Amino acid sequence: MTKDQVCTILEEIALLLELKGENVFKFRAYQNAVRALELFTGDFSTLAQEGHLPKIDGIGKAIAEKITELVQTGKLPYHEELKAEFPPEIFDLFEIQGLGAKKIKALNDQLGVSSIPLLEKACREKMVETLPGFGEKTQEKLLAAIELHHAHAKLARRGKVAPIAEAILEMMRTHPDVTRLSLAGSYRRAKEVLGDLDLVVSSKYPESVMNGFASLPEIDSILLRGPTKMSVRLKSGIQCDLRVVSDAEYPFALNYFTGSKEHNVELRNRALTLGWTLNEYRLASVDETKSPPCIRDETELYQALDLAYIPPELRENTGELEAAAQNRLPKLIEWSNLRGTFHNHTTASDGKNTLQEMVDAADELGLDYLGIADHSKSSVQANGLSEERLLNQLAEIRALQQAGSPVRIFTGVECDILKDGSLDFADDLLSQLDYVVASVHSSFTLSEEEMTARIIRAMENRYVTMLGHLTGRILLTREPYAVNIPKLIDCAAATGTWIELNANPYRLDMDWRWWHLAKDKGVKCVINPDAHQTKGLLDLFYGVGIARKGWLTRNDVMNCLPLSEIETALRRKRQLA
DNA sequence: GCCGTTTTCGGCCCGACTGTTTTCAGTCG
């Protein structure tokens, strides 16, 4: 049983305990355990088999025993028994906005409402308003929430949200009563998928700012509105929350609403140990024996807690507070550090722009070098190149280069890793290219062992410079294929193979949660847009955000190297072998 | 159920908003 499967079961246990009306701290302990497991990148199954799980902070004796039982037997009677107490569809009800465990329990106990369709029926028959604690308005809101649930997926990819978010920010920036403003929440932390959008504003005239916000053209409907807080539904279906505070409160509000929740809890705990109490408005003395320092921005806020400034992308409670306390936070990579990129397509395979157009776009973007890596012959669906067509492209690129291209063009290929781990082209062809991106595009359903062995075999080829989109995931659409990522990281370190950070907002693969580990093992990252048209090059922006979340610096990312050094770097692995 | 420089009991972040209440419970972030 994998870690993910264990997490799913623990998550269900938490919900079931909450439904039963158990002690809140009990089910929260299960949620904390899931969180701890998700962040844990060590050897999970060995630890579970040997009973060393309590070494992970947040997992105690009781939960560790349950996990061990799950890993060893694949079953957990405790979970089965809990589950038997409720109909299985009841979990869906948690996705309806406005419904929590207490209300779901009341609906189930008193009306037999145990699924979204039954809830819809009960609302339409006006049964819900008869329950104590419920009323006519609640009933209406539930119907609206059900409709919304049908209409929109709960999460949106960063690439969908970003243009809207930046547009709202720019429009609000021009409002005369806005003093300071920032996007906050998971957007500011550069998360790959977002549940909503948060905007924090400081102003002397909150009413005026709220009116301005309410009249933005992007807004579809207002979900709730108080004196300082407003939630709206945007036309794109995304929820957007606005908070207006005074300018003195702004650094605290911005920090609080940037999160993550776990980072905030740690920060508050740290404040307490220093004799301060921290909330979204201020820092205050616990016993009023001392007056707090003047805090005008987030840097001063972290300073007051004896911490170096922690960039938003790192605020996931994965060791950033400890590092900030010891002043050993990395200097994170920035957009301007990128000098080139490697995984790009042209009309030769399934791209929408020609070689010349891609080169011009790279030049306009200020890149010094561009790698072309079209698909190989087995990717028939993507018009993959035959040996002959690849050699033709090679000649075309050399001619373009000699004609005086402003951008250095590197010749590569995105070479399919076949089912058995062999490559789509023979070594003598690969050796004529500057580099090779090796990717899986078929047979996604192999077992974890087979898939891991398949990719390892490909990495052991001296001509494979880098590994493309490591897990094949399409965010919110296709699950990653089963593969042992720690083993792949170890192999990349041993063979000197770079791992791609695929910057396409549909992929963002390898996931940011693994980069810190990869970096510690000495694995090099390469940020590639997997561009299929000129504007796709801009996806590099999303890649930098994820690299920052993964604690990476310019030294960890190969395409930060200047042109004078990248050529040698591309040749290094093939010369080692 | 977890945790520990208030340590084996007694805490566990906490404020805003809504709706149903008539002082508060539930939900959300």
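These numbers come from a predicted model, not from an experiment.
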Say you pick atom C1' in dC3(B) and the same atom in dT8(B); how far apart are they, in whole Å? 10 Å
Roughly how far apart, to the nearest Å, are dT6(B) and dG11(B) at atom C1'? 11 Å
Going by purine N1 to pyrimidine N3 plus the second Watson-Crick contact, or the G-U wobble pair, all under 3.5 Å, which nucleotide sits opposite dC17(B)? dG26(B)
Could you state the atom-to-atom distance from CD of Glu262(A) to P of dC13(B) in whole Å? 11 Å
Starting from P on dC2(B), measure out to CD1 on Ile13(A) and report it in whole angstrom. 12 Å
Per Tyr281(A) side chain, nearest of listed nucleotides dA16(B), dC17(B), dC3(B): dA16(B)
Nearest-nucleotide 5' precedence on DNA chain B, Ala64(A) against Arg225(A): Ala64(A)
Side chain of Ile63(A) only, please: which of dC17(B), dC14(B), dG1(B) is the nearest? dG1(B)
Sequence-aligned protein contact record of nucleotides 19-29 of chain B, with B where the base is within under 4.0 Å of a protein heavy atom and S where only the sugar-phosphate is: SSS----SSSB
Quantified in whole Å, what is the P atom distance between nucleotide dT20(B) and nucleotide dT27(B)? 13 Å
Between dT21(B) and dG10(B), how far apart are the two C1' atoms, rounded to whole Å? 32 Å
Do Glu320(A) and His263(A) have side-chain atoms, one donor and one acceptor, less than 3.5 Å apart? yes
Can a side chain N or O of Arg243(A) be found less than 4.0 Å away from OP1 or OP2 on dG15(B)? no
Thr228(A) vs dC17(B): side-chain N/O to OP1/OP2 distance below 4.0 Å: yes
For Ser231(A), which contact category applies under a 4.0 Å heavy-atom criterion: base, sugar-phosphate, or nothing? nothing
Say you draw a straight line from CD of Glu280(A) to OH of Tyr250(A); how long is it, rounded to the nearest 0.5 Å? 15.0 Å
In whole angstrom, give me the gap between the C1' atoms of dC14(B) and dC9(B). 23 Å
Measure CD1/Ile222(A) against C1'/dC17(B) and give the value in whole Å, please. 15 Å
Below 30° counts as parallel, above 60° as perpendicular, anything between as tilted: where do the rings of Tyr78(A) and Tyr30(A) land? parallel
Have a look at Gly58(A) and say if it touches a base, only the backbone sugar-phosphate, or nothing, with a 4.0 Å heavy-atom cut-off. sugar-phosphate
Is the backbone of Ala184(A) close enough, under 3.5 Å, to the side chain of Ser182(A) for a donor and an acceptor to pair up by distance? no
Distance between the C1' atoms of dC17(B) and dT23(B), in whole angstroms? 16 Å
Of the candidates dG1(B), dC17(B), dC13(B), the side chain of Pro227(A) sits closest to dC17(B)
Side chains of Asn255(A) and Thr258(A): donor-acceptor distance under 3.5 Å anywhere? no
Check every strand shown and say whether Asn23(A) touches a base, only sugar-phosphate, or nothing at a heavy-atom separation below 4.0 Å. base
Classify Ile59(A) by what it touches in the nucleic acid, base, sugar-phosphate, or nothing, heavy-atom distance under 4.0 Å. sugar-phosphate
Looking at every strand, decide which applies to Lys105(A) at a 4.0 Å heavy-atom threshold: base, sugar-phosphate, or nothing. nothing
Nucleotide dC3(B), atom C1' - distance to CG of Asp57(A) in whole Å: 8 Å
Do Lys103(A)'s NZ or CZ and the ring of Phe134(A) fall within the cation-pi criteria of under 6.0 Å and 45°? yes
On the ring face of Tyr481(A), is Arg473(A) found with NZ or CZ under 6.0 Å from the centre and within 45° of the axis? no
Starting at atom CE of Met210(A), determine the distance to atom C1' of dC17(B), rounded to an integer number of angstrom. 11 Å
Let me know the distance between CZ of Phe25(A) and P of dC12(B), rounded to the nearest Å. 7 Å
Check the distance between dG15(B)'s C1' and Asn264(A)'s CG and give it to me in whole angstrom. 13 Å
Using a heavy-atom cut-off of under 4.0 Å over every strand shown, decide if Phe27(A) touches base, sugar-phosphate, or nothing. nothing
Given atom CZ of Arg35(A) and atom C1' of dC12(B), what is their separation to the nearest angstrom? 17 Å
Roughly how far, to the nearest 0.5 Å, is the CZ atom of Arg243(A) from the CG atom of Asp198(A)? 10.0 Å
Can you check the distance between dA16(B) and dT22(B), where both ends of the measurement are the P atom (answer in whole Å)? 24 Å
Determine whether the side chains of Thr2(A) and Gln5(A) contain a donor N or O and an acceptor N or O closer than 3.5 Å. yes
